[in-house]
Amino acid sequence: MNGIIGLSQPQPHNATTSASSAPVISYAYKASLIGAAHRFELTEAGLSWQAGSRSGVWPYLEIAAIRLSYRPVSMQSRRFRADIESTSGQRIVVLSTSWQTVALMAPQDRDYRAFIESLHARMREAGSGATLIGGIGPKTYAAGIMLLVLVAIAIAGLLLRAVATGEWAGGLFLIGFAALFTWQIGGFVRRNRPRAYAFDHLPEALLP
């Protein structure tokens, strides 16, 4: 199931459709191999969504909050996520990747970004006062920083010991492990720094 984003098919002019009507923008992804696709549309009435047996239409003014974050997984190191919450407390998730086969989770970077940017633009035009949050929660972020510090201290101690005892192969292994760990976990922590953002200034680190 590929991501779908674009314009709805042209419709003849009538009492409910005019030339000035905003186009319908859609996006879809599969969260799992066996589940149905999650589908979203930006319509004049609001955000229309369907996730399995659940569905609804949220007027843009009834969207209470959006959280953008970077959420890599083992099969897709470049995955982004948007958590959208309504004023009634319901929450839906939009992911930038879609399951294709047992061994393939395909990125949908361009479609995901276009959909998220369009959603923010329509909410801004509607006069939304939604809370816009970037990154992960402060407690989770603090735990990630602490983990980085503890691992750095442990690796530094082991590396000093390896140098002192002449274990050069072990020292090189530790350096390689430290570089890989910093690249993966450090990138996650750096991108997911908690922050607030504005409709016209989305955080680049949290978009493909």
Subject >> H120 (side chain) donor-acceptor with I116 (main chain) under 3.5 angstrom >> reply: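 Yes; judged by distance alone, with no hydrogens or angles, the pair exists.
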Which value, rounded to the nearest 0.5 Å, describes the distance between [X] atom [atom1] and [Y] atom [atom2]?
X	Y	atom1	atom2	answer
Q108	R79	CD	CZ	12.0 Å
R39	Y29	CZ	OH	12.0 Å
F115	L42	CZ	CG	4.0 Å
S98	H38	OG	NE2	9.5 Å
K30	M105	NZ	CE	12.0 Å
S69	N192	OG	CG	5.5 Å

Original post:
Cationic tip of R122 within the cone over Y60's six-membered ring, i.e. under 6.0 Å and within 45° of the normal?
Top reply: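 No.
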Flag yes if [X] and [Y] sit in one hydrophobic cluster, no otherwise; membership is Ile, Leu, Val, Met, Phe, Trp, Tyr, and two members link when side-chain heavy atoms are under 4.5 Å apart.
X	Y	result
L68	V189	yes
L206	L132	yes
V93	F80	yes
Y112	I92	yes

**OP:** Test T87 against I63 for side chain to side chain contact (heavy atoms under 4.5 Å, CB included), laying out the working first.
**Re:** CA-CA 6 Å; T87 53; I63 295 176; over 6 Å; no
Subject >> Carboxylate-amine/guanidinium contact D83 R81, below 4.0 Å >> reply: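 A salt bridge is present here (some side-chain N lies under 4.0 Å from a carboxylate O).
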Original post:
Is there a side chain to side chain contact (heavy atoms under 4.5 Å, CB included) between E117 and L202 once you walk through the steps?
Top reply: CA-CA 8 Å; E117 289 179 341; L202 276 63; 4.2 Å; yes
